[in-house]
Amino acid sequence: MAQTICDEFISYLRETRPDLAFRPGDPAAPGIELLVTHATERGLGLDIIWIAANGQKSAGLPLKTAFFDRSSDKILRRTFYTAFLRQNPLPF
């Protein structure tokens, strides 16, 4: 489940911020360290560190939620990613 969350988040980030080129392994590109702190059918938690192209790191704020009325699905998770990025705007 955690790998699915990471893949979905990166896809969402690429869709919403096409101006940024996140290229794994490229030290000249910005990057992220994404930590899935909670991932079940009924909840999700993420923590993040943004890494600028110059290597400077900015820690984000963790966010955790629970889906009480139904099991987690892609739509609920995308809503969570939107809230998570509002709480953790890209510093670059």
Side-chain angles (χ1 to χ4, degrees):
M1 180 89 171
Q3 186 61 50
T4 300
I5 300 302
C6 289
D7 293 343
E8 285 179 357
F9 182 80
I10 296 300
S11 293
Y12 180 78
L13 191 57
R14 285 182 175 143
E15 289 173 25
T16 57
R17 291 298 307 265
D19 55 313
L20 295 175
F22 290 96
R23 296 182 301 272
D26 183 351
I32 62 172
E33 291 178 10
L34 183 66
L35 175 63
V36 178
T37 59
H38 181 75
T40 68
E41 288 299 317
R42 292 290 185 175
L44 180 59
L46 296 176
D47 200 355
I48 197 162
I49 296 175
W50 300 111
I51 306 168
N54 67 2
Q56 181 179 352
K57 294 184 176 187
S58 300
L61 299 171
L63 185 63
K64 185 176 180 181
T65 193
F67 309 121
F68 294 108
D69 57 342
R70 65 181 189 198
S71 294
S72 170
D73 63 20
K74 193 170 184 173
I75 294 169
L76 281 175
R77 291 191 299 268
R78 286 179 68 89
T79 301
F80 176 79
Y81 303 149
T82 300
F84 183 72
L85 288 174
R86 250 188 268 125
Q87 180 176 317
N88 292 291
L90 281 77
F92 42 80

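These values consider heavy atoms only, across backbone and side chains, with no hydrogens, waters or symmetry-generated copies. No experiment lies behind these values; they were computed from the predicted model shown. Note that the numbering runs from 1 along the sequence shown for the chain.
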Using a 3.5 Å cut-off and no angle test, enumerate the donor-acceptor pairs between side-chain atoms of residues 29-38 and protein atoms at least two apart in sequence or in another chain.
residue, atom, partner, partner atom, Å
Glu33, OE2, Lys57, NZ, 2.9
Thr37, OG1, Gly45, O, 3.3

Minimum heavy-atom distance Ile5-Ala39, with the two atoms named: CG1-CB, 4.4 Å
Rounded distance [0.5 Å steps], [atom1] in [X] versus [atom2] in [Y]:
X: Thr65; Y: Phe84; atom1: OG1; atom2: CZ; result: 12.5 Å
X: Met1; Y: Leu44; atom1: CE; atom2: CG; result: 7.0 Å
X: Leu63; Y: Arg86; atom1: CG; atom2: CZ; result: 10.0 Å
X: Thr79; Y: Arg77; atom1: OG1; atom2: CZ; result: 11.0 Å
X: Thr16; Y: Leu85; atom1: OG1; atom2: CG; result: 6.0 Å

Set of residues satisfying side-chain hydrogen bond (donor to acceptor under 3.5 Å, both in side chains) with respect to Thr82, sequence neighbours excluded: Tyr12
Heavy-atom check, side chain of Asn88 versus side chain of Leu61, under 4.5 Å: yes
